[in-house]
Amino acid sequence: QVQLVESGGGLVQAGGSLRLSCAASGRTFINNAMGWFRQAPGKEREFVAAIRWSGGSTLHADSVKGRFTISRDNAKNTVYLQMNSLKTEDTAVYYCAADRFGGTENRDYTYWGQGTQVTVSS
């Protein structure tokens, strides 16, 4: 099994920044892909960004491209989501996910964290 624990959420004003962290433990070697998703009230959970442990290739959703950056620290088994120029529409619960292959869909990931709330005020 793989355990994922997110941290770093909170309340921030529009235009501000936050950095989310996702610490992975357990059988982390079986997963090569990590992703960030978010779910706003009344909406479906949507893809934000993904990264591969090996090679470090990344993918960002168009809605966050240029503002959010996903990165990883292999030694710490931790993935980060740096969020800059935050907008009120970025308000959501942010989830970390892991899988052997990954992708941009919810069904592409096997393991999920409990989520961390990000609230952006105007």
Side-chain angles (χ1 to χ4, degrees):
Q1 292 298 320
V2 175
Q3 294 77 43
L4 304 173
V5 179
E6 303 99 332
S7 61
L11 174 64
V12 63
Q13 286 191 326
S17 299
L18 279 176
R19 189 177 80 156
L20 305 183
S21 299
C22 174
S25 61
R27 302 181 66 194
T28 57
F29 59 89
I30 64 177
N31 297 306
N32 189 39
M34 300 288 291
W36 284 100
F37 287 73
R38 66 185 181 186
Q39 186 168 23
K43 294 186 177 182
E44 294 185 352
R45 189 162 57 187
E46 64 175 5
F47 171 77
V48 176
I51 191 167
R52 294 196 178 279
W53 287 113
S54 60
S57 60
T58 63
L59 183 65
H60 295 81
D62 288 343
S63 59
V64 305
K65 203 169 291 184
R67 299 188 299 121
F68 292 10
T69 302
I70 189 170
S71 62
R72 90 250 193 251
D73 185 330
N74 292 45
K76 295 182 178 180
N77 285 331
T78 299
V79 173
Y80 305 96
L81 185 68
Q82 178 66 44
M83 306 186 295
N84 299 328
S85 302
L86 282 161
K87 305 175 181 179
T88 55
E89 52 262 45
D90 294 319
T91 295
V93 177
Y94 283 71
Y95 296 91
C96 175
D99 189 82
R100 182 176 179 185
F101 300 107
T104 61
E105 303 291 334
N106 285 276
R107 63 176 180 268
D108 294 332
Y109 291 86
T110 303
Y111 303 99
W112 293 84
Q114 81 289 350
T116 185
Q117 177 70 48
V118 171
T119 302
V120 184
S121 64
S122 58

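This chain uses plain numbering: 1 for the first residue, then up along the sequence. Atom set for the values below is all heavy atoms of this structure, side chains included, hydrogens, waters and symmetry mates excluded.
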Can you name the nearest heavy-atom pair linking Ala14 to Ser122, along with the distance? CB-CA, 4.4 Å
Evaluate the ring planes of Phe68 and Tyr94, with Trp represented by its six-membered ring, and classify them as parallel (under 30°), tilted (30 to 60°) or perpendicular (over 60°). tilted
hydrophobic_cluster_shared for Leu81 and Val120, side chain cutoff 4.5 Å: yes
Which residue pairs pass the disulfide bond (SG atoms under 2.5 Å apart) test with at least one member in residues 40-93, sequence neighbours excluded? none
Interatomic spacing from OG1 in Thr110 to CD in Gln1 - rounded to 0.5 Å: 9.5 Å
For residues Val118 and Met83, determine if any side-chain heavy atom of one lies less than 4.5 Å from a side-chain heavy atom of the other. yes
Considering all heavy atoms of both residues, which atom of Ala40 and which atom of Ala92 are nearest to each other, and what is their separation? N-CB, 3.8 Å
Rounded to the nearest 0.5 Å, what's the gap from OH on Tyr109 to CG on Asn31? Could you check? 10.0 Å
Any side-chain heavy-atom pair of Met34 and Leu4 under 4.5 Å: yes
Quick one: does Glu6's side chain have a donor or acceptor within less than 3.5 Å of a partner on Gly115's backbone? yes
Can you name the residues that form a salt bridge (Lys or Arg N to Asp or Glu O under 4.0 Å) with Arg67, not counting sequence neighbours? Asp90
Without swapping roles, check the side chain of Thr91 against the backbone of Thr119 for a donor-acceptor pair under 3.5 Å. no
Quick one about Asn84 and Ser17 (side-chain donor to acceptor, distance below 3.5 Å, no hydrogens or angles considered), yes or no? yes
So Tyr80 and Thr69, do their side chains get closer than 4.5 Å, heavy atoms only? no
Using distance only, find each side-chain donor-acceptor pair of residues 56-63 under 3.5 Å and give its atom names and separation, not counting sequence neighbours.
residue: His60; atom: NE2; partner: Ile70; partner atom: N; Å: 3.1
residue: Asp62; atom: OD1; partner: Lys65; partner atom: NZ; Å: 3.1

Nearest heavy-atom approach of Val79 to Trp53 is CG2-CH2, 3.6 Å
Do Trp36 and Cys22 have side chains that approach each other closer than 4.5 Å (heavy atoms only, starting at C-beta)? yes
Under 4.5 Å between side-chain heavy atoms, counting indirect links through other Ile/Leu/Val/Met/Phe/Trp/Tyr residues: same cluster for Val12 and Val93 or not? no
So does Glu89 have more than 12 non-hydrogen atoms from other groups sitting under 6.0 Å from CD? yes
For Asp99, the salt bridge (Lys or Arg N to Asp or Glu O under 4.0 Å) test, sequence neighbours excluded, returns none
Rounded to the nearest 0.5 Å, how far apart are OG of Ser7 and CG of Leu20? 8.0 Å
Which pairs pass salt bridge (Lys or Arg N to Asp or Glu O under 4.0 Å) with one or both residues in residues 108-122, sequence neighbours excluded? none
For residues 41-51, which side-chain donor-acceptor pairs fall under 3.5 Å, sequence neighbours excluded?
residue: Arg45; atom: NE; partner: Asn106; partner atom: OD1; Å: 2.7
residue: Glu46; atom: OE2; partner: Arg38; partner atom: NE; Å: 2.7
residue: Glu46; atom: OE2; partner: Arg38; partner atom: NH2; Å: 3.2

Report yes or no: does Asn32 contribute a side-chain atom to a donor-acceptor pair with the main-chain N or O of Ser54 at less than 3.5 Å? yes
For a quick test of reading the model, state the closest non-hydrogen atom pair linking Arg72 to Arg52 and the distance between them. NE-O, 3.5 Å
